[in-house]
Amino acid sequence: MTRRSRATRSPLPQRAGVDAVRLTLPVGGRWGTVRDHLVERLAPGAEVVDGMLAAGEFVTLEGPVKHDDPYVGGQVIWFHRELAPETPVPFPIEVLYRDEHLVVADKPHFLATTPRGSHITETALARLRRELELPGLSAAHRLDRLTAGVVLFVVRPEERGRYQSLFADKRVHKEYEAIAPYDPVLELPRTVRSRIEKVRGVIAAHEVPGEANSESRVELIDHRPVPSYGGALGRYRLLPRTGRTHQLRVHMNALGLPLLGDPVYPAVLDQAAADDFARPLQLLATTLEFTDPVTGTEHRFHTRRTLQAWDAYDAWDADEV
């Protein structure tokens, strides 16, 4: 670890597996005191900020920020946000592999990978930090909250970049399985390439004209009639070459094969209640294969989960957790 990274490490311990917020004061700011900037910048307002200052909850590397400390552009401050109650995701996260460098987890449906939005403590990262007592654990990549399967985490913060580069440089072989309608006319396997764009604040991603920035191979593993479904279902192997947001879901929908349980494609449905864990999206990250950039070990990790709509469609369709 470099001297710079040690110097900027948060002086506050984690809470419930969640890091303190790191806030850098803008250079050239017009505020007279740090307090004035915090009141303007943070949503809770003056009363809450003043209470946190009085309690010493805003800190720098030198100690707590005082109510009348002068504003200094570039100064770094840490604090913990008030964490809203979250509905626990009632499924365990299983550890497939662990060594001094890596933790490989088998994430359940409905559990976000990392803290984001309204999902903070009920995330795979926060849970694993708490359960494994690894406060420095970080994610090398991310699965959507609704997708289950294999996720790679890094034990040592100084090694995170080397593992992240595996994904950025497309040096990880990834496989997924999905359950979707079966179309006997559609010729498979095939490779789908398109340009996908996702606008911040808009739930669905869309294919648009232009140079392709996404690529997925779609293979049919098996198919069978399911009378209670009203047709035939297919079990598909999906091999993404790129990692655009919702890429596999977008590509399958474009083929006329929207995944079972998808609340976004082909149409955005009303958001489910926080405690509604029925009919999980039938998408599973089954395999990660790569050469370890630190040890040189050849790794291949495979999920122990299966997709319920293939094994027991009626149970999946019955709105039962």
Side-chain angles (χ1 to χ4, degrees), residues 1-10 12-20 22 88-116 119-177 237-243 283-307:
M1 183 179 295
T2 65
R3 180 176 301 176
R4 177 177 174 80
S5 63
R6 283 197 299 268
T8 57
R9 178 182 294 177
S10 172
L12 293 175
Q14 293 172 352
R15 288 183 183 173
V18 179
D19 291 324
R22 183 182 188 273
V89 177
F91 310 112
I93 180 168
E94 186 175 357
V95 173
L96 300 173
Y97 176 84
R98 178 181 178 181
D99 64 20
E100 60 184 318
H101 306 284
L102 301 176
V103 171
V104 182
D106 211 355
K107 186 184 82 66
H109 295 285
F110 301 107
L111 186 68
T113 303
T114 56
R116 187 178 185 183
H119 306 284
I120 306 298
T121 58
E122 275 299 304
T123 60
L125 179 60
R127 272 199 195 178
L128 290 170
R129 282 174 170 176
R130 299 192 301 263
E131 294 172 6
L132 303 181
E133 298 182 349
L134 291 173
L137 195 70
S138 59
H141 66 122
R142 186 176 67 86
L143 289 182
D144 289 341
R145 185 178 69 89
L146 299 182
T147 304
V150 184
V151 188
L152 179 65
F153 296 88
V154 183
V155 174
R156 298 175 174 174
E158 65 269 26
E159 294 176 350
R160 183 186 184 192
R162 299 180 69 177
Y163 289 100
Q164 286 182 315
S165 69
L166 290 174
F167 294 87
D169 297 340
K170 300 180 178 61
R171 289 183 285 138
V172 179
H173 176 74
K174 298 179 287 184
E175 296 183 12
Y176 290 71
E177 285 190 10
R237 178 183 295 111
L238 309 178
L239 299 97
R241 173 66 176 164
T242 54
L283 181 61
L284 177 65
T286 60
T287 305
L288 283 181
E289 185 174 1
F290 59 92
T291 301
D292 194 306
V294 176
T295 67
T297 303
E298 297 292 333
H299 289 301
R300 181 178 174 86
F301 302 110
H302 194 79
T303 184
R304 294 172 186 163
R305 301 181 184 276
T306 58
L307 291 172

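All residue numbers refer to positions in the sequence shown, counting from 1.
Across every non-hydrogen atom of Leu125 and Ala139, the tightest pair is CD1-N, 4.4 Å.
Between the side chain of Glu289 and the backbone N or O of His173 there is no donor-acceptor pair closer than 3.5 Å. A donor-acceptor distance shorter than 3.5 angstrom exists from the side chain of Lys107 to the backbone of Thr147, with no hydrogens or angles considered.
In this structure, CG on Leu128 lies 9.5 Å from CZ on Arg98, to the nearest 0.5 angstrom. Atom CZ of Arg129 sits about 10.0 Å away from atom CG of Leu134, to the nearest 0.5 Å. The line from CG of Leu111 to CD1 of Ile93 is 5.5 Å long, rounded to the nearest 0.5 Å. Interatomic distance, NE2 of His302 versus CG of Asp106, reported as 9.0 Å (0.5 Å rounding). In this structure, CG in Leu102 is found 5.5 Å from CG in Leu152, a value given to the nearest 0.5 Å.
In this structure the side chain of Thr286 reaches within 4.5 angstrom of the side chain of Thr303, judged on heavy atoms. Leu96 places a side-chain heavy atom less than 4.5 Å from the side chain of Arg304.
Under the 30°/60° scheme for interplanar angles, the aromatic rings of Phe290 and His299 are found to be tilted.
Counting only N and O atoms by type, the side chains of Arg15 and Thr121 include no donor and acceptor under 3.5 Å apart.
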